Structure formats: structure tokens, C-alpha cells
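Notes follow the structure.
The sequence lines fix the lettering, A, B, ..., with proteins before strands; numbering per chain opens at 1. Just so it is clear, the structure is predicted and the values come from calculations on it, not from any experiment.
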Amino acid sequence: MTEQVRVRFAPSPTGHLHIGGARTALFNWLYARNKGGRFVLRIEDTDRTRSTDDYIEAIIQGMQWLSLDWDEGPFRQTDRFDVYRSYVERLLQEGKAYHCYCSVEELEQRRQLALAQGKPQKYDGRCRDLKEPVPGRVPVVRFRTPQHGETVVDDLIRGRVIFENSQLDDLIILRSDNTPTYNFTVVVDDVDMKITHVIRGDDHLNNTPKQIHIYKALGYETPRFAHLPMILGADKARLSKRHGATSVMSYYEMGYLPDALVNYLVRLGWSHGDQEIFSREELIRYFSFENVGNAAAVFNPEKLLWVNQQYIMAASPERLAERVIPFLEKEKIIEEGKELDMVWLGRAVKTLQERAKTLVELAASLRYYISDDIGFQEKAKEKFLTEKSLPLLRDLRNSLVSLTDFSHAGLEPVFKAVVEAHGVKLGALAQPVRVAVTGGTESPGIYEVLEVLGKERTLKRLDTAISSIT
RNA sequence: GGUCCCAUCGUCUAGCGGUCUAGGACGUGGCCCUCUCAAGGCUAAAACACGGGUUCGAUUCCCGUUGGGACCGCCA
């Protein structure tokens, strides 16, 4: 009987859900689903000055968009302050923690001095064995970190990482305003919530030995740790705002599909042979820490774009049609809330989906199908709506009038006949028609476009084009 | 500065001692297909950071150098 896997994603609501956080959440989620375990969402909002409810909402929205569903929570640490304080009290009584009366300014001063002298920046432990309170000072509580021996982190991804205890300092676990700090709450919560695997970013590896000592002081077993490699920007520095979009929801706005983002993110650090595109089911089935790499990965927007295109091409036209609606509204191609023939829109999308890398592009390319006010591109008109193409267009128009089967199959022979009669190649007719009906020189196959447009609108546009020449 | 982590094409990666004249993908160039644009097919250029070991044999194991990164907060 193996214990049930319990993992958690523990963001602090001091910003939106960003790419790095999403990747961490994803790997936790994947591991939980792979093991049939539980995924807990915990909001680490102990920093009351920077945490906001809006960001909690934003993080939840981001996770929902990515379909990373959690089984328990969201729990908020601010709801649990009493729990933390009772644990602090316990450590205090057992002599495993102590009051420190050093002021923020003093600490900062010593840090600067240590930096200038090239010494390790570490709390010097001067309040460790204080017998009496210092009058006029409100103390913090520090954890008494063992100063001898070593601490081993047995990491699922890194392997054995050994830290000298003498390098670790006595961290503050309770602030002077009586609120607990991260390194303490994270341990208490992971214990209380029975977390079996702590999966988080590499940036926490150095915190891990400190936390292990807290587990021990509290008398609990440590969970398993798995530290994921970081995601870097193109300049190899930690991904941040200056690398462009880092908020997950900004990818929604740019027209990315959530499954595509997930697929791209999972390949940053994880692999399964040469496979690039995975369904959720495959991801869950294949996921393992054995295939997680150690090296940090550079976020590459171009590949993400390609992955997105793969998902758009593979998506069902009906589903895409629904997803593109908000973008059509945003681009003012349709009025907000206006009813649209979704079956027809699906057919239109089908002709365009292998040409769009994002929903934004898809929406833009849908314009000439939906709006009759197309307007000819200057260069396109100049090159293709000419005296030379006029007889072709006229002939086609006249042949089309009597055509009843306005489909690819019905249209093709008509085009062929006109082209043959004039002794020209198909392009000599197709391009002028393309400009006439779309306003530009790029579009799906001309028969597909006309079929979606329908006979009436096609003829109207041909007339407009013809009269624009003469 | 101290501690820790990392190191295969520009980027994401495969490789878990011989199968490597190092594979795939993105991007880039060329060709094909073609009514345009895409998609697709073919193709080209492109990497084991360096130096020592270990071994019959190292991209693969060990050590060092170099180079990146993270952490060192009464932030998380």
C-alpha cells in the first residue's frame, strides 16, 4: 500500500499568474493526475502589503483558462495565522526559536558591512542567547538553525544536494507585527495539508535545507522535493516583464489556445523522446520526473507560435468558430452580442485555420467573409484588376449567374471553361477574382472562398470590381 | 563576496560507455507542389564549452577551469 500523492501549487498573489508559475502549477497537476493523487491550491498571502484579492482572482482565472483544476482549496494563509502562531509558540517554549531585538536598520547596516568586507551575509546570532528582553524594542522570532553538521536534500530531479549547516542562518519566522513568514508557513502548511511532494522552482532549492530543519524541529517527516529548472528570457536572465508578455492571460489575449500553451510549457524541461505535440491524456500518462531535465530553458515565443498553429490546424472548425467570436468582436468585425450563423462560420473557419497562427490572425482573416465592405488593397488592384483581366472577369460573372451548384465541384468547371476560352492559365483568372472578392492577394483556394461567400455576394463583389476597372 | 544549481545546433531537446560520420523540433536558406497565401514533402547550414583523469573505448562516469543562473529580506 503506497501513500496517496498530495501536491500543491502555492503562488503568492502579488501579481498575475505568469509563465513560470503556470509551468510549476502544470508539473504539479501532471504529477498528481499521473499518480491519481490530489492537487491542492494554496494562496501564500502572508505578505499583506503586496497581496491583493484581485491577484488571487487573476491567478484562479489563469489556472481555469489552462484547465489546471485543483482538488482542494484555494486555501489562504491569512486564514491560518492562529495555526502558525501556535507552532511558533511551541518552538519558543522548546527553545528551538528565540526572540531577536535587532532592528531592520541594524540588520541592513550589518548586511552592507558584510558585503563590503566580502563576508557571508548571514545573521550573526547575537540575540540567540539573550536572557532579557531589550526595552523599547518589539522583537521578531527567529528559528534556531543547527550550526553543525550537514543537511541533505534528496531531490527527485537534482539528486543529492548537500548543505553545510554552518552556512545557514537563523531565519525570522514571526515578524515584529506578529505575522509569520514564508519559510515557516510553507512548512506548517505542507505538514498540515499532508503534502507528499513539494514540486517548485529551482529558486527554492537554497531554502530547502532551512525548511528541512523546521520540519525536524516540529517533529515531522520531510516530504519529497523536486526542483524544476527555471525558465529564462532570451538573454538568459530570469524571465520577467522586460522579456515581453509573461502573464498567462496575455496569451489568451494574443489568441493562443490554452492547450497549446500547456503543450509548449511542458516541453520546457520535460520530454518524451522526439514527440512534440501531446494530448492531455498523453501528458498525464507519460509524465515522470525521470524525463525532466536539469538545465534552465529559454522561453522561445516563435516555437510557442508554431505549437499554437499546430493546435489551431488540428482543432475542430466548430470549436474554433466559438473561440474566435471574442476576437471578432474585439476587432470590430462583428458587433458585440450579435447573432451569427455558427454553422456557416464553422465552414469559413475551416478554410482559414491552416493559415492562422493565432485566434487574432484567424479573426482578422475572417473579415472579408463576414463584412461586405472589403475595399481593395492598392497594389492588388493595380496588378490584377486591369483592362487585361476585365474580359475574364466579365465572362466568369456571366457564367456564374446561371450556376446552381455554387460549390467547389460546381465552380471548378466554370473557371476551367473561361480560362480555356481565353487561352490563359488559371492564375490569370483566379488572382483577379481573389482581389475582387477578398480585396487582397492572399486567401484560401478560390473555389473555397466563393463557396463560403455564396453566389449572391460573389456576384455583387465581381460587379463592384468590374465597375472599378472601367 | 558566500552557498547552491546548471552546461549537446541560435532556441527547445533525444542521447542514460561502443548503435554518434550525434537524432528530432522551432527558426533560417534552397527545391518540389501550386490559382495566391498557407499547409505538406524533400533538402542544406548549424552543437557534444575547455582541460585533465577512469576505461580497451567517452557526448555519456569523476575532478578542475571557464561560462551561465538562483539564493543570501521583518518578499514569496
Practice task
Using a 4.0 Å heavy-atom cut-off, write out nucleotides 32-40 of chain B from 5' to 3' as B (base contacted by protein), S (sugar-phosphate only) or - (no contact).
Solution key: ---BBBBS-
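- Sequence neighbours left out, the pairs with a member in residues 422-455 of chain A that pass ring pair (Phe, Tyr, Trp, His ring centres under 6.0 Å) are A/His408-A/Tyr447, A/Phe415-A/Tyr447.
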Could you write out each protein N or O paired with an N or O of nucleotides 42-45 of chain B at a distance under 3.5 Å?
none

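- Comparing the C1' positions of B/C35 and B/A39 gives a spacing of 15 Å, expressed to the nearest Å.
- Across all strands, A/His204 comes closer than 4.0 Å to base atoms (heavy-atom distances).
- Residue A/Glu276 is in base contact, counting any heavy-atom pair closer than 4.0 Å across all strands shown.
- For the side-chain hydrogen bond (donor to acceptor under 3.5 Å, both in side chains) condition, the pairs that include at least one residue of residues 298-310 of chain A, sequence neighbours left out, are A/Glu276-A/Lys303.
- Partners of A/Asp53 under the salt bridge (Lys or Arg N to Asp or Glu O under 4.0 Å) rule, at least two apart in sequence or in another chain, are A/Arg76.
- You won't find any donor-acceptor pair under 3.5 Å spanning the side chain of A/Gln117 and the base of B/G1, going by distance alone.
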Short N/O separations, protein against nucleotides 4-10 of chain B, under 3.5 angstrom:
residue	atom	partner	partner atom	Å
B/C5	O2'	A/Arg158	NH1	2.6

Problem - Base-contact (B) and sugar-phosphate-only (S) positions in nucleotides 59-66 of chain B, heavy-atom cut-off under 4.0 Å, - elsewhere - result: --------
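- By the salt bridge (Lys or Arg N to Asp or Glu O under 4.0 Å) test, A/Arg142 is found to be paired with no residue, residues two or more places apart in sequence or in another chain being considered.
- Side chains of A/Asp259 and A/Tyr264: a donor-acceptor N/O pair is absent below 3.5 angstrom, by distance only.
- Note on residues 152-192 of chain A: pairs passing ring pair (Phe, Tyr, Trp, His ring centres under 6.0 Å), not counting sequence neighbours, are A/Tyr182-A/His204.
- Distance check: A/Leu393 CG to A/Lys388 NZ gives 13.0 Å after rounding to the nearest 0.5 Å.
- The base of B/C74 sits within donor-acceptor range of the side chain of A/Ser176, with an N or O pair under 3.5 Å.
- Under the rule for a salt bridge (Lys or Arg N to Asp or Glu O under 4.0 Å), A/Arg23 has no partner lying at least two apart in sequence or in another chain.
- To the nearest 0.5 Å, atoms CG (A/Leu41) and CD1 (A/Ile59) are separated by 8.0 Å.
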Review item, nucleotides 21-23 of chain B N/O atoms under 3.5 Å of protein N/O:
residue	atom	partner	partner atom	Å
B/G23	N2	A/Asp274	OD1	2.9

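- Under 4.0 angstrom from either OP1 or OP2 of B/G68 there lies no side-chain N or O belonging to A/Arg238.
- Scanning for salt bridge (Lys or Arg N to Asp or Glu O under 4.0 Å) contacts around A/Arg85 gives A/Asp82, with sequence neighbours left out.
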